[in-house]
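Structure, as C-alpha cells:
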Amino acid sequence: MKIANNTVVSIHYTLNNADGEQLDSSEGGDPLNYLHGAGNIVAGLENALTDKSAGDSLQVVVSPEEGYGEYNDGLVQSVDRDLFQGVDKIEVGARFEAQSEQGPISVVVTDVKEDAIVVDGNHPLAGEALHFDVTVADVREASAEEIDHGHVH
Ligand code: ZN
C-alpha cells in the first residue's frame, strides 16, 4: 500500500546535519510511527514520503523552510534577571518555557550576564538543512479515531 493522507506510516530514519553529524536516529530502537498528512513530522519529509511503500528507502534533504524554519534573530532576547526569580540555577543551555505573542515557546539560555539573561526562542534545528536517510517499515490504513485525533494510537 502506498503512503497517502490518512495512512499510518512506520519509518526508520537517521537525521544528519549538513556537516554529516548525526542529530537523531531510530537505529536500534522502535520505528517512528506517524499519521501521514497531519503535520506530525516536518513538511519536507512528509512530502517526500508521499506515494512510497514499505521497503522503500530514500534520502531527503529538507530545507529550513520545510523543516524547523529559518533562524530568526528577533527570537533572541536579553531579559531582566529579575524575571528569573525563584530559579535556582541559570546557566547556558538551560531551557525554560516563556510567554510570547504566539503563546508559550521553549527558550534556551545562551548567555548569562550580571543583570540580564540572553535567551533564544529558535527551534534547536532552526536554519539547519536536515539530511534524512529513511526506510519505510510499514504502511497501514489509519483508524477513524486516529484520523479524528490527528495522531497515531
Ligand atoms: Zn488520540
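Counting convention: from 1, in listed order, for ligands and their atoms alike.
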- prompt: Do you know which two heavy atoms are closest between Ser106 and Arg95, and how far apart they sit?
  reply: OG-NH1, 2.7 Å
message: I'd like to verify the contacts: list protein N, O or S atoms under a distance of 2.8 Å from the Zn ion (ligand 1).
response: His149 ND1, His151 NE2, His153 NE2
message: Are the side chains of Asn122 and Val76 in contact, using a 4.5 Å heavy-atom criterion?
response: yes
field: Validation row: Leu45, Tyr13 side chains within 4.5 angstrom (heavy atoms)
entry: no
field: Modelled atom types, side-chain donor and acceptor of Ser10 and Asn33, under 3.5 Å
entry: yes
- prompt: Between Val8 and Tyr34, is any pair of side-chain heavy atoms under 4.5 Å apart?
  reply: no
query: Are side-chain heavy atoms of Thr110 and Val119 found at a separation under 4.5 Å?
result: no
